[in-house]
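Some notes on the structure that comes next.
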2 protein chains.
Amino acid sequence: MPKIGMEPMRRKALIDATISAIGERGSLDVTMSEIAGRAGVSSALAHHYFGAKDELLFATMRHILAELNTDTRRAFGLAVTPRQRVSAVVAVSFSDDQFQPQIIAAWLAFYVEAQKSSDLRRLLRIYARRLHSNLMSGLTGILPWAEADRVAEATAALIDGLYIRRALKDGVPDAQTAIALVEDYLETKLNGRSLP
Amino acid sequence: MPKIGMEPMRRKALIDATISAIGERGSLDVTMSEIAGRAGVSSALAHHYFGAKDELLFATMRHILAELNTDTRRAFGLAVTPRQRVSAVVAVSFSDDQFQPQIIAAWLAFYVEAQKSSDLRRLLRIYARRLHSNLMSGLTGILPWAEADRVAEATAALIDGLYIRRALKDGVPDAQTAIALVEDYLETKLNGRSLP
DNA sequence: TATTTTTTATTGACGCGTCAATCAATAAAA
DNA sequence: TTTTATTGATTGACGCGTCAATAAAAAATA
């Protein structure tokens with residue numbers, strides 16, 4: 001019973017299914033049939049809408065990045081001081097929407113895949129640059145540029161590191177501990193420089 | 001022209017070939033034939049010595065971990081003060097032997113694979129615990145336990161994060177910058193608490 | 001010492017399963 | 001009747017793991 005205008009719904013369902021499949025398997029080694037099955041359609045339909053598997057994976061990563069960006073913009077709207085902007089970036093990174101097993105597994109898996117695919121690599125570079133830039137937008141209001149750049153670099157690495165360690169389910173357990181660690185770093189780093 | 005006592009040589013050659021293959025492809029998606037070819041033998045021989053592919057990969061990760069541990073022990077031998085022990089851990093993590101594209105790619109790929117394989121997960125947990133313990137062996141001589149634990153956690157995350165970002169070849173370029181970032185964090189963290 | 005037997009090393013060929021991608025066919029809307 | 005939606009069946013490639021076969025060293029036996 002084919003109705004008209006199914007495409008956007010199917011695309012979204014397939015992308016959601018991809019995320020959940022990756023989250024469960026823990027890697028991109030998921031079959032098109034598996035994904036299609038979760039979306040309630042045949043594998044042929046997945047190919048119909050996305051072409052090759054690469055494109056579905058690419059669209060999925062792009063979707064994750066877009067959601068992260070949306071969340072960050074929203075959080076920026078509520079932040080007024082530079083310090084709050086920095087905290088907003090951290091908070092979004094470890095929010096319930098982002099810091100969940102499925103998304104974490106996807107990030108990790110896509111990092112690996114980016115080694116092969118230049119398209120994905122470009123996408124992840126955009127994320128890295130955007131994260132850095134978002135952090136800088138707050139830090140430059142507190143520290144001189146060179147130092148702000150350093151702190152941004154370290155904070156970004158810290159966030160990524162906490163993600164990867166979360167994937168192991170060892171060490172950092174929950175989002176609150178992760179946020180506390182990053183904020184603690186920022187606090188000592190930002191307070192320390194205002195005294196002497 | 002089969003000589004006796006080939007096993008240890010072949011095993012080492014195959015593990016080395018595995019690392020270089022993973023490093024080049026950037027993932028564990030390397031065929032047994034590819035690996036065997038690099039080691040100068042047939043794929044059948046690789047199976048003869050290691051059984052399934054999983055076991056070869058496992059042996060490879062174990063080898064990487066063992067080398068990291070050896071390097072760390074050696075560095076600890078030269079460290080006398082607690083502060084030097086901490087720096088030793090950092091230095092080894094970013095030493096020329098460890099912080100090279102091949103090894104970094106392998107770490108990343110194995111992190112992903114650990115999601116599927118409980119054996120690999122156990123191995124990586126050992127690494128995480130050992131890293132934490134090595135850091136603590138120095139930090140507990142400087143900070144009270146609870147704080148040392150936190151700093152160890154953050155430092156470990158920082159190291160892992162710098163590894164993952166290095167894989168993207170964006171952000172942190174060389175080992176020296178990475179070391180500087182971690183040391184800078186440690187410096188502010190350790191000096192800050194000794195004053196009040 | 002000469003021989004036979006066993007063990008170790010090694011590979012080419014192949015079967016079997018898996019999976020991405022295609023295609024022809026069906027059916028309902030426009 | 002043209003377009004959109006949908007799938008079952010099929011194909012073709014690829015890769016893991018096995019196996020029988022070969023050959024040389026080592027051990028055992030005569």
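- Rounded to a whole Å, the CG atom of B:L14 is 10 Å from the P atom of C:dT10.
- For the strand DNA chain C, secondary-structure stems (runs of at least three Watson-Crick or G-U pairs, all distances below 3.5 Å) span C:1-30 with D:1-30.
- Across the protein-nucleic acid pair, A:E55 atom CD and C:dA20 atom P stand 14 Å apart, rounded to whole Å.
- One atom, CZ of B:R11, and another, P of C:dT8, lie 14 Å apart when rounded to the nearest Å.
- The closest side-chain donor-acceptor pair between A:T177 and A:D174 falls under 3.5 angstrom.
- Other cluster members for A:W145: A:M136, joined by side-chain heavy-atom distances under 4.5 Å among Ile, Leu, Val, Met, Phe, Trp and Tyr.
- Ring orientation note: the planes of B:F94 and B:Y163 are tilted relative to one another, at an angle of 30° to 60°.
- Taking only side-chain atoms of A:I4, from C-beta outward, the nucleotide of C:dA21, D:dT4, C:dT10 with the closest atom is D:dT4.
- The residues B:E147 and B:K189 are annotated as not salt-bridged, no charged nitrogen and carboxylate oxygen being separated by less than 4.0 angstrom.
- Between B:E113 and B:K116 there is a salt bridge, with a side-chain nitrogen of the basic residue lying less than 4.0 Å from a carboxylate oxygen of the acidic one.
- Across the protein-nucleic acid pair, B:H47 atom NE2 and C:dA9 atom P stand 18 Å apart, rounded to whole Å.
- Note: CG (A:D29) to P (C:dC19) measures 9 Å, nearest angstrom.
- At the heavy-atom level, B:G51 lies nowhere under 4.0 Å from the strands shown.
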- Message: I'd like to compare against my own output: the B/S/- annotation of nucleotides 11-18 of chain C with a strict under-4.0 Å heavy-atom distance to protein.
- Response: BB------

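- When all heavy atoms are compared, the tightest approach of B:A105 to B:G26 is CB-CA, 4.3 Å.
- Whole-Å rounding puts the A:M6 CE to C:dA27 P distance at 19 Å.
- In terms of phosphate contacts, B:Y49 brings a side-chain nitrogen or oxygen within less than 4.0 Å of OP1 or OP2 of C:dA9.
- Across all their heavy atoms, A:G138 and A:P82 have their closest contact at O-CB, 3.2 Å.
- Between the side chain of A:K53 and the main chain of A:T31, no donor-acceptor pair closer than 3.5 Å is present.
- A:T188 contributes a side-chain N or O that, together with a main-chain N or O of A:Y185, makes up a donor-acceptor pair within less than 3.5 Å.
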